[in-house]
Amino acid sequence: MSDNTATESIIEQVRSAAAAKTPLVIRAGGSKDFLGRHTQGTQLDISAVRGIVRYEPTELVITARAGTPLSEIEAALAERGQMLAFEPPHFGPTATLGGTLACGLSGPARPFRGSARDFVLGMKIINGAGEHLSFGGEVMKNVAGYDVSRLMCGAYGTLGVLMEISLKVLPLPAVESYLHLELDAESALTDMANWQRDALPVSGLCYDGDRLHVRLSGADQAVAAARRRMGGEPDPRGAQFWEHLREQQSAFFTSAGDLWRVSVPSNTRRIAVQGKQRIDWGGALYWLKTDASAESIFTMAAAAGGHAMRFRGSDRDTVFQPLPAGLLALHKRLKLAFDPHGIFNIGRMYPEM
Amino acid sequence: MTEHHPSHQNHLQRVRAQSGLAGALLTIVPASAIIASDESLHPYECDGLSAYRALPLAVVLPETVDQVQAILKLCHARQIPVVARGAGTGLSGGALPHSDGLVLSLARFSNILSIDADARIARVQPGVRNLAISDAAKAYGLYYAPDPSSQIACSIGGNVAENSGGVHCLKYGLTVHNILRLEILTIEGEKLVIGSEALDSAGYDLLALMTGSEGMLGVITEITVRLLPIPDRAQVILAAFDDIEKAGQAVGDIIAAGVIPAGLEMMDRLAIQAAEDFVHAGYPQCEAILLCEVDGTNEEVSEHIASVRALLLESGAIEVRTAVDEDERLRFWKGRKAAFPAVGRISPDYYCMDGTIPRRHLPHVLKRITELSQEYALPVANVFHAGDGNLHPLILYDANKPGELQRTEEFGGKILELCVEVGGTITGEHGVGMEKIDQMCVQFAAAELQQFHAVKAAFDPEGLLNPGKAVPTLHRCAEFGAMHVHHGKLAHPELERF
């Protein structure tokens, strides 16, 4: 299918669905099917909307269609010594760029390099009226109009069909190095907080309950100096540790039971829930394996000034942190502004929207 | 309406409206916080873009969030337009008053509420000056990264409204990358918390949507910003070129080599000369200079400075100087930072443009600007945030010469259209405001503008917040006559042409 044919076909399907008010479920590789609330409708397959449109290494910009496999994009960047700095998890070999951005997923490097939405420069989308629209662009600085492209990031496809995405990319670090330190939780959290107050070349800080894992990325001498300063042991299996953390492949993640993601201020220091936990993002992200009730986790997350999400589990109804009434009403009005006929991924984030 | 004295009649109506509004405001704030007579309103008639002026009905300077809330409820009930204003340093007329509306000044919200060094955040009120945040954070070894050139005076609330950048944004990002949480009031006076002190929040990314929304969606009453550790060391290199194209190429070479400089600035011959005459920074006489600053740990800086130096020499620089100490580093920057006032010395007036382009099109764009400069008989000095493609051509003119401002604006408009033509944007960091509203018709198709209006309506259905700014009506685009031709079709053929 040619690029134009693929786009025209999506527009056609959206317009028919809008006319008939039949809900659509937007999907490409299906690697994120497990995320978010259940949604029902006719499948809108965008896997034919694929391919890298433009890649300008000296401009630090790549533009690709939403259905392009994430692995294809990462390979093209690596060939020119660059990367997606937000380190997106794939959760399977079929992951696409569109799904990654729609879910707004960022990996362990996020607190140090920025999130998926931070790197979005522009998007082409199809709104609920079947209009093909372009927002932002391929330049680093752009304040013309509202920032609709970044609004799409993490909206789980409820506001529009992502068609084409322009991202800022960064050079791969010259050197990557891995350490671990055996510490109790209190000392690990203190170290993480202190190190983040210094300008160190850190790209990962995760506490697994026994060890504090450190990833350093940057110029050769800078990484060497940081290693001397931080102490600990070199970790020969460090590369695998960080990949397993990002892709949730370690035993902690694959064990039975619900997995919760709790995003909190980095100085939270403690999330008191029975069960097991991993502390990533230098103290700002808690992964919980717990049977505690959704209500108790939401209450605890809100009290800490953050929010929780049931990332993996059998209950696909209670997933996201409830929104305060005023914000929920605003969300519903925004949903209507983009999807007036209510056809895109209905209920994927919150009921009836 | 009296047929013989319409202006007198209008004046009476205006005075009546002013006293009515002032009376209602008096139930919320003391008289000292209200300005409602035309004679006293002049300081508020424009922001940093003085070419556009209008007197509001009144200005109110509340001191508490409860007062702001009551004022918004009042304006909503009476359907009075509201223009929020910070320090008034904006360059696009975003804070230009509405002649039937109220200017809501947030200047008295000037407190830093807290700094949490462990969490690396600061909670501030919207009227706090940008630089005051870094000054206060310095004691903890931290700073606030975005540094617009007006950072001594501009307020953080205005920075959020415009998504301000600065010379360090290639590495450290814009305002949108450096804030975590906002407290806002809707036009109905409803208080909303957007974002959180965590790195992300439940629901849509309203923090991104609010940033750069130019006071169109809500009134910001509190901001939580992210602070960064002050780098151990910063070092700057100055390179001279006999050809601006080579300088542009060198920028691409540095980035392709895997170095992300903290700042990467370019100036052309006229800008160099003006700066040199003004502050004597010791710049070489040449076609273009590049200033490249790298920062980080001591080791990192040494490594990067060595590779940048080698790259600049390879890419044809006729001279490369590395600042030997902090004094020399500041001297190198002095000329760049003084570029605008320096140009102000050699011309009665100047008009600062703000387009962004994909950097590879720099030679073509500069060539076209030179041609346009000859066509309009108006000189241009170019100052360029080269790292991120943000171009600031300064058009030199004399407002006292009849027709020259109009010619300048037309010339400026052409430059912005040129930016769009090569895949760039009409505004990199100054915002659309009133200034570039017509060029929005060039950058966006009708359906895209309509989508913006729908977003606006989700927050402010009656269009009372900063009406007439940032997003043009389709009718206005038809009048402007320079519509975006999308997929070979005219965007809105249903509209009459003028």
Side-chain angles (χ1 to χ4, degrees), chain A residues 56-60 81 110-111 114-115 117-118 127 131 133-135 137-148 150-151 153-155 170-171 174 193 196-199 201 218-222 225 263-267 281 284 305-307 320-321 323 326-327 330-331 333-334 337 349, chain B residues 117-120 141 162-163 165 169-170 174 177 190 192 196-205 208-209 211-213 229 231-232 252 255-256 258 260 296-297 299-300 303-304 356 358-360 388-390 423-429 431-432 440 443-444 447-448 451-452 454-455 458 471:
Chain A
E56 299 284 346
T58 65
E59 308 255 356
L60 301 175
R110 189 265 173 262
S115 65
R117 78 85 132 128
D118 285 344
N127 68 9
E131 295 168 322
L133 310 174
S134 175
F135 298 103
E138 293 188 318
V139 289
M140 298 288 157
K141 287 159 97 176
N142 187 351
V143 290
Y146 304 122
D147 198 344
V148 172
R150 289 197 174 97
L151 179 66
C153 198
L170 284 182
Q196 289 179 87
R197 283 185 59 176
D198 287 330
D220 191 9
Q221 294 303 312
S263 177
V264 288
S266 69
N267 61 342
W281 288 9
H307 68 105
F320 293 100
Q321 182 88 23
L323 295 171
L327 267 189
L330 178 58
H331 274 65
R333 293 196 299 273
L334 273 170
M349 289 183 89
Chain B
D118 266 337
R120 286 158 286 118
E162 302 294 329
N163 192 16
C169 30
L170 180 66
L174 305 155
H177 302 109
E190 185 181 10
L192 296 176
S196 70
E197 288 177 14
L199 290 171
D200 47 36
S201 299
Y204 296 147
D205 196 337
L209 190 62
T211 312
S213 62
D232 293 345
I255 286 164
I260 301 296
T297 65
E299 300 82 8
E300 202 173 358
E303 225 172 291
H304 285 160
T356 306
R359 210 182 331 90
R360 63 187 179 280
D388 41 37
N390 190 195
T425 173
I426 58 170
T427 174
E429 55 185 0
V432 173
M440 285 291 282
Q443 181 151 352
F444 292 101
E448 289 152 359
Q451 186 66 72
F452 288 145
V455 168
V471 185

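Numbers restart at 1 for each chain; the letters A, B, ... are given by sequence-line order, proteins then strands. Here the structure is a predicted model, which means the values were calculated and not measured.
Qualifying salt bridge (charged side-chain N to carboxylate O under 4.0 Å, His left out) partners for Arg197(A), counting only residues two or more places apart in sequence or in other chains: Asp118(B). Looking at residues two or more places apart in sequence or on another chain, you find no salt bridge (charged side-chain N to carboxylate O under 4.0 Å, His left out) involving Arg120(B).
When every heavy atom of Leu151(A) is checked against every heavy atom of Asp205(B), the shortest pair comes out as CD1-O, 3.9 Å. In plain terms, the two heavy atoms of Ala454(B) and Ala337(A) that are nearest each other are O-CB, 3.6 Å. Of all the heavy atoms in Gly306(A) and Ala198(B), the pair that sits closest is CA-CB, 4.3 Å. Nearest approach of Val139(A) to Gly423(B), heavy atoms of both residues: CG1-O, 4.2 Å. In this structure, Leu323(A) and Ala202(B) approach most closely via the heavy-atom pair CD2-O, 3.9 Å. Minimum heavy-atom separation, Ala199(A) to Thr297(B): O-CG2, 3.2 Å.
Neither the backbone nor the side chain of Phe320(A) comes within contact range of chain B; no heavy atoms are under 4.5 Å apart. Both the backbone and the side chain of Asn142(A) come within less than 4.5 Å of a heavy atom of chain B. Interface remark: Gln196(A) contributes backbone and side-chain atoms alike to the contact with chain B (heavy atom separation under 4.5 Å). Only the side chain of Glu131(A) comes within less than 4.5 Å of a heavy atom in chain B; its backbone stays farther off. Using a 4.5 Å cut-off between heavy atoms, Ser263(A) contacts chain B through both its backbone and its side chain. With a 4.5 Å cut-off on non-hydrogen atoms, Ala284(A) touches chain B through its side chain but not through its backbone. Only the side chain of Leu330(A) comes within contact range of chain B, with heavy atoms under 4.5 Å apart.
Interface check for chain A: of the options Val455(B), Ile426(B), Asp232(B), the most heavy-atom pairs under 4.5 Å are formed by Val455(B). Among Gly165(B), Ser213(B), Gly203(B), Gly258(B), the residue with the largest count of heavy-atom pairs under 4.5 Å with chain A is Gly203(B). Among Gly141(B), Ala256(B), Gly252(B), the residue making the largest number of heavy-atom pairs under 4.5 Å with chain A is Gly252(B). Between chain A and the residues Arg359(B), Glu300(B), Glu429(B), Glu190(B), the most heavy-atom pairs under 4.5 angstrom are made by Arg359(B). Chain A forms more heavy-atom pairs under 4.5 Å with one residue of Gly296(B), Ser201(B), Cys169(B), Ser196(B) than with any other, namely Ser201(B). Of the listed residues (Cys153(A), Gly145(A), Ala144(A), Ala219(A)), the greatest number of heavy-atom pairs within a distance under 4.5 Å of chain B belongs to Ala144(A). Chain A forms the most heavy-atom pairs under 4.5 Å with one residue out of Thr427(B), Ile255(B), Val432(B), and that residue is Thr427(B).
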>> Determine whether Thr356(B) and Met140(A) satisfy the following criterion, side-chain contact (heavy atoms from CB on, under 4.5 Å), listing intermediate values before the conclusion.
In response: CA-CA 8 Å; Thr356(B) 306; Met140(A) 298 288 157; 5.8 Å; no
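Tyr204(B) and His331(A) have parallel rings, their planes meeting at less than 30° on a 0 to 90° scale where 60° marks the start of perpendicular.
In this structure, Val143(A) and Glu162(B) have side chains that are not in contact, with every pair of non-hydrogen atoms separated by 4.5 Å or more.
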